[in-house]
Amino acid sequence: MKAWESVVRVLYFQGPPRPSGLSNQTSIEKPIRKNTAPLWRDLHQNLSRQSFVVQARYEILKDRDFGADAKPMELDATPGILRWTDFPDPPHGKPLLMQRKMVELWDQRGLTSVLRDNQHQFKGEMIEETYRFFRDEIEFALTRQYFFNPIQDYSPLESRTMGPSTPASQLPAWDNITQVDKQGRWIMQVKTHVLQDNKPDEIRKAQDKLMALRKELDGVFDFLAIDRKVHDTRVAQQQQGVQVLPQKVMIGKG
C-alpha cells in the first residue's frame, strides 16, 4: 500500500480544576457551520462534566515549517483540529482493544483563543509523525513522537516552579528535534471509527473486525495490552467546599 504521510504539531491544553465547558464562544469562528455545531455542543457537554487535557493539532511540512528560515506560525490564523478523547472504556475481556469516545472539530481557526477564553492552560507541545495505510474503513497507523522544548516543559503543570510556558514562536530544524523513544521505534495502531456510538451492534462489528486483523497479523507484530490509565486525559477535579490543608503543619510551641 502507498502511505499517507503527515507531520502534525500537537499543542496540549489543560482544563480548569472545576469543569466549565466551552461557555465563552467569543473566539469561535463565525458563522458556526451546520455540520460542526452539534460537535461544539457535544464537546461543551463533555467538558462541563469533567476537565480534560485537549489537543489543538496543526498539520505542518518538514521542508517549510522547520528551521530558522521558516515563517513563524500564527496559530490563531491557521486552521487546525480540536481533539478531545475520553478515558478509555474497561477492556471487558478484550485487553488488546482500546475503545473510547472522541470528538474532533476540523478546519477551525482561533483554537488557542477559544481554549484560553475558557480557562484552558497551555501545557506543552510535541511533533507527531505518522504514516497511515487504509484497507476499507480500517486504518493502520505507524506513529513516532518528538519533543523540542526543555524537558521541564513536559512535567505536570502542578509541579512546575514557573508558570505555564507559551507555544514556540518558531520550530527548530527537523534534524534538531528529539525522538521521545530513544530507540527510534514506531508504534503501530490498527483502528476504526464507529460514528454512532449508541448502536451496540455497530461497536461489536468493529471489535470483531479488529480482532480478526489481530489474528491475521499475529507473528508479524507484537501487540501489547496497555493499561488504559496511560491514556487518561482527565484533570483532577477540585471539589467545592473542600478546604485545602497546608503542606506543612508546625506542632509545638511557637
Side-chain angles (χ1 to χ4, degrees), residues 8-58 75-76 79-92 94 97-126 128 139 141 156-158 164 167 189 191-204 206-207 226-242:
V8 178
R9 181 179 179 181
V10 186
L11 277 62
Y12 298 89
F13 291 84
Q14 180 169 311
R18 294 179 183 176
S20 56
L22 299 176
S23 303
N24 189 341
Q25 299 186 3
T26 304
S27 299
I28 295 179
E29 193 174 10
K30 307 295 192 304
I32 299 176
R33 299 191 297 270
K34 290 183 179 179
N35 61 327
T36 61
L39 295 175
W40 279 114
R41 286 196 298 270
D42 193 7
L43 183 59
H44 170 67
Q45 290 173 358
N46 285 289
L47 297 183
S48 295
R49 64 175 174 82
Q50 172 76 50
S51 280
F52 289 85
V53 175
V54 298
Q55 301 177 17
R57 303 171 62 88
Y58 301 90
L75 292 172
D76 262 358
I81 300 171
L82 181 58
R83 174 185 290 183
W84 164 80
T85 51
D86 203 352
F87 185 45
D89 295 339
H92 296 302
K94 297 179 180 179
L97 285 181
M98 185 80 62
Q99 178 178 302
R100 56 182 171 171
K101 183 175 181 179
M102 178 174 71
V103 175
E104 282 190 338
L105 287 128
W106 286 60
D107 197 28
Q108 300 292 319
R109 289 180 171 82
L111 288 180
T112 56
S113 290
V114 171
L115 294 169
R116 184 175 60 250
D117 291 346
N118 289 280
Q119 291 77 54
H120 282 65
Q121 288 184 302
F122 175 71
K123 187 174 188 291
E125 59 180 315
M126 303 182 84
E128 193 173 277
E139 176 186 340
L157 284 177
E158 293 78 10
Q189 291 179 303
K191 51 189 174 180
T192 187
H193 299 280
V194 179
L195 298 180
Q196 295 177 304
D197 60 352
N198 59 344
K199 294 187 175 181
D201 289 344
E202 294 298 318
I203 294 175
R204 279 193 293 270
Q207 291 174 340
I226 299 176
D227 191 329
R228 65 188 183 126
K229 293 179 182 178
V230 173
H231 300 282
D232 190 357
T233 57
R234 298 174 299 180
V235 176
Q237 190 166 340
Q238 180 180 327
Q239 298 182 3
Q240 296 186 12
V242 176

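We use all heavy atoms of the structure for the numbers below, so side chains are in, but hydrogens, waters and symmetry mates are not.
Ionic pairing of Lys94 and Asp89 is not present here: no N-O contact between side-chain nitrogen and carboxylate oxygen is shorter than 4.0 angstrom. Checked for salt-bridge contact, Glu104 and Arg57 miss the test: no charged N lies under 4.0 Å from a carboxylate O. Between Lys229 and Asp227 there is no salt bridge, since none of the side-chain N atoms of the basic residue sits less than 4.0 Å from a carboxylate O of the acidic one.
Annotation: side chain to side chain donor-acceptor pair (under 3.5 Å) contacts of Asp76 (sequence neighbours excluded): Thr112, Ser113. Looking at residues two or more places apart in sequence or on another chain, you find no side chain to side chain donor-acceptor pair (under 3.5 Å) involving Asn198.
Among pairs with a residue in residues 32-48, those fulfilling salt bridge (Lys or Arg N to Asp or Glu O under 4.0 Å) read Asp42-Lys101, at least two apart in sequence or across chains.
With rounding to the nearest 0.5 angstrom, the CD1 atom of Ile226 is 7.5 Å from the CD atom of Gln189. One finds the CD1 atom of Ile28 at 4.0 Å from the CH2 atom of Trp40 (value rounded to the nearest 0.5 Å). Note that CG of Leu157 is 13.5 Å distant from OH of Tyr12, once rounded to the nearest 0.5 Å. Note: Arg100 CZ to Asp232 CG = 10.0 Å, rounded to the nearest 0.5 Å. Leu11 contributes atom CG, which lies 6.0 Å from atom CG of Leu75 (distance to the nearest 0.5 angstrom).
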Could you go step by step and tell me if His92 and Gln99 meet the side-chain contact (heavy atoms from CB on, under 4.5 Å) rule? CA-CA 10 Å; His92 296 302; Gln99 178 178 302; over 6 Å; no
For Arg18 and Gln119, what are the C-alpha separation, side-chain angles and deciding distance, and is it a side-chain contact (heavy atoms from CB on, under 4.5 Å)? CA-CA 10 Å; Arg18 294 179 183 176; Gln119 291 77 54; over 6 Å; no
Where do Phe52 and Asp86 land on the side-chain contact (heavy atoms from CB on, under 4.5 Å) test, with the steps shown first? CA-CA 8 Å; Phe52 289 85; Asp86 203 352; 3.5 Å; yes
Walk me through it: do Leu82 and Leu39 pass the test side-chain contact (heavy atoms from CB on, under 4.5 Å)? CA-CA 10 Å; Leu82 181 58; Leu39 295 175; over 6 Å; no
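Remark: Lys199 NZ is loosely packed, at most 12 non-hydrogen atoms of other residues, nucleotides or ligands lying under 6.0 Å away.
Side-chain N or O atoms of Ser27 include none that pairs as donor or acceptor with a backbone N or O of Gly110 at under 3.5 Å. Asp107 places no side-chain N or O within donor-acceptor distance of the main-chain N or O of Pro79, the cut-off being under 3.5 Å. No donor-acceptor distance shorter than 3.5 angstrom exists from the side chain of Lys123 to the backbone of Gln121, with no hydrogens or angles considered. Judged by distance alone, the side chain of Asn118 and the main-chain N or O of Ser23 form a donor-acceptor pair under 3.5 Å. Here the side chain of Ser51 pairs a donor or acceptor atom with the backbone of Pro16 at under 3.5 angstrom. Put simply, the side chain of His44 gets close to the backbone of Leu22: a donor and an acceptor are under 3.5 Å apart. Of the possible polar contacts, one joining the Gln108 side chain to the Trp106 backbone as a donor-acceptor pair under 3.5 Å is found.
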